[in-house]
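Encoded as structure tokens, the structure appears first; notes follow it.
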Number of protein chains: 2
Amino acid sequence: MSSPQTQFLDYLTKNKMAATEQRRIVLEVFLGTQGHHSCEELYEHVSKRDSSISPATVYRTIKLLSDSGIAESLDFGDGITRFECRHNREHHDHLVCIRCNCRIEVVEERIEELQEKLASKYDFSVNRHKMILYGICPDCRKQ
Amino acid sequence: MSSPQTQFLDYLTKNKMAATEQRRIVLEVFLGTQGHHSCEELYEHVSKRDSSISPATVYRTIKLLSDSGIAESLDFGDGITRFECRHNREHHDHLVCIRCNCRIEVVEERIEELQEKLASKYDFSVNRHKMILYGICPDCRKQ
DNA sequence: GTTATTGCAAAGGCTTTGCATGGGG
DNA sequence: CCCCATGCAAAGCCTTTGCAATAAC
């Protein structure tokens, strides 16, 4: 697979969009973060690199990253949209601790298979899915 | 299981809350609707019954219905919180059509079991979960 | 009577958008 | 050079909240 940078440039070119300095910086900062980050958090990081970049540009660019397949949007149900990097990462789901808000990434092939079966039973072609298990993490249970 | 009305009254009493006319009406209207409805939609229905009830009261009451276990909140990722009735209904997940926005309710015991296993593998005690499969429904695929 | 609840309107939080200016192709 | 992208500030959208008036217990 090509680098995220190349992937993004291809996407921009294909859609007749400009490869601006701001877009490059947002991409770099996004790639440099681990885990799941909101636009606000990303904007803070971007600001450190170039304080002249506006929140609006970060919002606009992260949407492009999502559309181009580099970022995936996550919705943990708290009203904040977060993004994680899809590059070189296989699909995974999340365990979310409702006490400390920590998140564990999990993969379960058999669930994915059952989801496919379930969908085909209803003649439904699945595009993507999200599965989130809410509960208490080991650390919080000890307390 | 007791009726939703009784369940709600019990919840109100237990929490030293008043059984007001507005709360009764919101509950009745909620029980009279099928499927998944936003607060705004619920408010419209409530208005037909009593136009003096404010949106704020509907928002406040639906939260009580959720807390008391009568309603369950759903988040399909479009920024709107919807609610469905939990009374006399077993747990189910949803297939959401990204084209016509229709929603199919599904039950798959084996997935539930695997979710439990998955969680215990990480020493995580699951409270609730949500699983949504996004795709194209049979009707939309025919077009 | 006392306390909780309501309606109203305003504010909140996150996100999007209109517009004039500036930078990329 | 033309047009897209940006920054700014304002608006949008759903939802929550402060407050004085009102109704429940």
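A, B, ... follow the sequence lines: proteins, then strands. Residue 1 opens every chain. Hydrogens, waters and symmetry mates are skipped; everything else that's a heavy atom, side chains included, is used.
Side-chain N or O atoms of A:Ser120 include none that pairs as donor or acceptor with a backbone N or O of A:Asp123 at under 3.5 Å.
The structure places SG of A:Cys39 at 11.0 Å from CZ of A:Arg82, a figure rounded to the nearest 0.5 Å. To the nearest 0.5 Å, atom OG of residue A:Ser125 and atom CD of residue A:Glu116 are 9.0 Å apart. The structure places CG of B:Asp50 at 13.5 Å from CD of B:Glu28, a figure rounded to the nearest 0.5 Å.
For DNA chain D, the span of nucleotides reached by chain B at under 4.0 Å from its heavy atoms goes, 5' to 3', from D:dC14 to D:dC25.
Between A:His94 and A:Phe76, the gap from one ring centroid to the other is short of 6.0 Å.
The residue from B:Glu113, B:Glu112, B:Glu108 that alone fulfils the salt bridge (charged side-chain N to carboxylate O under 4.0 Å, His left out) condition with B:Arg110 is B:Glu108. A side-chain contact (heavy atoms from CB on, under 4.5 Å) with A:Val26 is found for exactly one of A:Leu64, A:Leu42, A:Thr20, namely A:Leu42. No option in B:His92, B:Arg103, B:His37 other than B:His92 meets the side-chain hydrogen bond (donor to acceptor under 3.5 Å, both in side chains) test with B:Glu84.
B:His45 approaches B:Val29 most closely through the heavy-atom pair CB-CG1, 3.5 Å.
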One pair to check against side chain to side chain donor-acceptor pair (under 3.5 Å): A:His36 and A:Glu105. What are the steps and the verdict? CA-CA 11 Å; A:His36 324 107; A:Glu105 301 185 350; 3.0 Å; yes
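For the segment residues 12-44 of chain B, residues with any heavy atom less than 4.0 angstrom from an atom of DNA chain D are, sorted by number, B:Ala18, B:Ala19, B:Glu40.
The distance between atom CD1 of B:Ile62 and atom P of C:dT6, rounded to the nearest whole Å, is 14 Å. The CG-C1' distance, from A:Leu9 to C:dG25, rounds to 13 Å in whole Å. Regarding A:Tyr59, its OH atom lies at a distance of 5 Å from the C1' atom of C:dT15, rounded to whole Å.
Summary for the helix from C:dG1-D:dC25 to C:dG25-D:dC1: the axes at its two ends, each from 5 pairs, differ by 30° when rounded to the nearest 10 degrees.
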